[in-house]
Amino acid sequence: MIFILLNIQLTSIYGIIFSLVIIAQIWLVSSVKLLPQDVVQKLEDTEKSLKKAENEKYYLTFYDGITKLPNERLLLEKVKEKTTEKAVLVIDINRLQAIKSSIGYSCSNYLLKMIAERLRQHLPNDYFIGKLHEDQFVLLIENQNDQSVIESFCNKLIEIMAQPFDIHHYSFNISINIGVAMYPENVQIEENLVKSAQLAMLEATNTLEHIGFYKPSMLLKREEQLKLENDLYKAVQNKELHLYYQPQLNLKTKQLISMEALVRWKHPEKGLIPPADFIPLAEESGLIVPIGKWVLETACRQTMELQQLIQRPIKVAVNLSRKQLVQDNFVQIVENILEATKLAPEYLQLEITESMTMNTKYVLPILHDLKKLGVSIALDDFGKGYSSLAYLRDLPIDCLKIDREFVKKVDENAQEPLLDMIISMAKHLNLQVVAEGIEKMEQFNYLLNSECDAVQGFLISKPTPFESIKENCKRIIDEYKIIQCSIQSHYYGLIKEIFK
């Protein structure tokens, strides 16, 4: 019996402590020549509990708690195992963060489980699958680095993951980006395979194929992005950000001038940097919150300045980010900005996207509080995101902005039933309608003869710097003394003059 009790694996500090306790107890018992059965049972139960705790600790260390897949720590150990050839694939789920913020973490965790299960079902048994802490999945393929074979496999994987995921009353059509790094073909150090595949995955997001194979030049590009992110921290403080405005040409009224505020970054060395290059960096780093506040405050102040200059009502639309909207004090921030700039609330429109509205239980109270301030709410890029329309009726929105994809192929001599349906639906919900991306006269004429309220796009005007708009207004006032529009064509001409 003593031999059995002493035969304990000293695999951890807990095992060492337990062994010392047993030795001490045996010595005490041997001194009185007695070892009660209940003491033995308690010692055995303690041993089982300690082993269970040790197994749980191992599991928490090396496995993901949601998907039950091996985590990055275990993966890196697996990657180090010696094989002549191997490839690592990092799989990123598009819009996963937006989905998380919209439907909540309970549903999004369930979605992650479904994704993991689908991957497991369609992978060969000898493929090692794991999950990285960034909500990315990773595959390790050993004894293989033929690019054509791996590319064919990636394409099949994209097709498999494109099938809808049904969760409650939502149906999600997700897409994936895949980054590939191969040893020893383009990565000579095995420990760098995961990092290299992640860089390739970032590049894959900008390709039609959504597949990227690692190249050494990708590392240099990533370093440049990090430097750009660091420069972005200083951009607000150094007054490098500027607002441009694009007019929304009203088709039904000549009384109101409407425009959308668009942020631009004039880098001291690189010049004008497109929003597509720095807005994702701002979102990723959290800088979108202070930048968004600056945009909102500046847009309200400059709109008020223009109103006072031309003595006409001007309405400004400002895009919101998800991180802005979910701030605890966002409604108070908006109220404070309106008070500080003295802009009447009815001349401010806040634009949100469809993905920001899916978690209605959380978002609806915020939107209702904003409406109480007197501002209007627009749903931007409608039709680009989620397909469900049921929530539209309950959203406290005033305006629907139709995504440019729905007007891109408009021909004034042919019907566009989908576009007509969206406009008709909006009108039945008593919503204003703005069509984006108007670049051709055919598109303009088609919408002019529809129930669309306003159009926006390069045909009307490209985004114009505030200072140019201000100078144009001064020139018009000097020439005509007063700005007024007796007929609709005069209004169109005025918009062209102000925003040219």
Side-chain angles (χ1 to χ4, degrees), residues 90-102 108 132-136 174-179 195-212 214 217-238 240-244 246 260-296 318-327 350-358 380-381 384-386 401 403-405 436-437 463:
V90 169
I91 303 168
D92 181 67
I93 313 299
N94 276 328
R95 302 187 299 114
L96 186 58
Q97 290 304 317
I99 293 172
K100 278 189 173 186
S101 64
S102 300
S108 62
L132 303 182
H133 64 277
E134 296 94 342
D135 281 343
Q136 298 168 349
I174 67 171
S175 59
I176 62 175
N177 301 300
I178 306 177
K195 178 183 176 182
S196 300
Q198 285 179 311
L199 290 175
M201 181 274 299
L202 292 174
E203 289 292 315
T205 60
N206 300 317
T207 67
L208 293 174
E209 297 81 10
H210 299 287
I211 302 170
Y214 175 74
S217 59
M218 293 178 180
L219 183 58
L220 180 61
K221 184 176 180 179
R222 183 57 180 166
E223 289 173 351
E224 290 176 352
Q225 286 183 321
L226 291 174
K227 184 180 184 304
L228 195 65
E229 181 181 321
N230 185 61
D231 291 344
L232 190 56
Y233 275 95
K234 309 169 188 174
V236 176
Q237 184 180 355
N238 295 344
E240 296 169 12
L241 297 181
H242 304 271
L243 287 190
Y244 283 45
Q246 187 173 40
E260 180 180 357
L262 302 166
V263 65
R264 297 292 185 264
W265 180 14
K266 290 184 179 178
H267 192 280
E269 298 174 2
K270 301 178 183 294
L272 199 62
I273 298 178
D277 289 349
F278 73 87
I279 293 297
L281 285 177
E283 289 275 6
E284 183 180 341
S285 64
L287 284 170
I288 196 66
V289 173
I291 289 176
K293 182 181 178 182
W294 176 87
V295 169
L296 183 59
V318 179
N319 292 280
L320 297 182
S321 72
R322 177 185 60 83
K323 291 183 179 179
Q324 274 183 283
L325 187 64
V326 299
Q327 292 178 90
L350 300 175
E351 295 189 1
I352 60 175
T353 59
E354 289 183 71
S355 62
M356 294 163 62
T357 64
M358 296 305 293
D380 194 16
D381 295 336
K384 190 177 181 180
Y386 298 92
K401 295 192 71 177
D403 186 68
R404 64 183 65 246
E405 290 297 319
E436 297 181 292

Nearest atoms (heavy-atom pairs only) where [X] meets [Y]:
| X | Y | value |
| --- | --- | --- |
| P290 | G286 | CD-O, 3.6 Å |
| H210 | I176 | CB-O, 3.4 Å |
| A200 | M218 | CA-SD, 3.6 Å |
| R404 | G437 | NH1-CA, 3.2 Å |
| W265 | A235 | NE1-CB, 3.7 Å |
| G212 | A204 | N-CB, 3.5 Å |

Could you grab the distance from atom [atom1] of [X] to atom [atom2] of [Y], nearest 0.5 Å is fine?
| X | Y | atom1 | atom2 | answer |
| --- | --- | --- | --- | --- |
| E203 | Y214 | CD | OH | 11.0 Å |
| L350 | L325 | CG | CG | 9.0 Å |
| I211 | I178 | CD1 | CD1 | 5.5 Å |
| M201 | L132 | CE | CG | 9.0 Å |
| R322 | L320 | CZ | CG | 13.0 Å |

Check whether [X] reaches the backbone of [Y] with its side chain - one donor and one acceptor, N or O, closer than 3.5 Å.
| X | Y | value |
| --- | --- | --- |
| Q324 | S321 | yes |
| K401 | E436 | no |
| D403 | E405 | yes |

[X] vs [Y] side-chain heavy atoms within contact, under 4.5 Å:
| X | Y | value |
| --- | --- | --- |
| Y244 | V263 | no |
| R264 | P463 | yes |
| L287 | L281 | no |
| Q136 | I91 | no |
| T353 | M356 | yes |
| L228 | I273 | yes |
| L232 | I291 | yes |
| W294 | L243 | yes |

Determine whether D231 and H267 satisfy the following criterion, side-chain contact (heavy atoms from CB on, under 4.5 Å), listing intermediate values before the conclusion. CA-CA 8 Å; D231 291 344; H267 192 280; 2.9 Å; yes

N319 and E260: side chain to side chain donor-acceptor pair (under 3.5 Å), yes or no, with the steps? CA-CA 8 Å; N319 292 280; E260 180 180 357; 2.7 Å; yes

Report yes or no: do S175 and N94 form a side-chain donor-acceptor pair below 3.5 Å?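 Side-chain D/A pair, S175 to N94: present.
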
Does the side chain of Q198 pick up a donor-acceptor pair with the side chain of D92 at under 3.5 Å?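 Q198 vs D92: no donor-acceptor pair found between side chains.
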
Take L262 and Q246 through the side-chain contact (heavy atoms from CB on, under 4.5 Å) test and state the conclusion after the steps. CA-CA 8 Å; L262 302 166; Q246 187 173 40; 4.2 Å; yes

Are more than 12 heavy atoms, taken from residues, nucleotides or ligands other than K323, located less than 6.0 Å from that residue's NZ atom?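 Atom NZ in K323 is crowded, with more than 12 foreign heavy atoms closer than 6.0 Å.
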
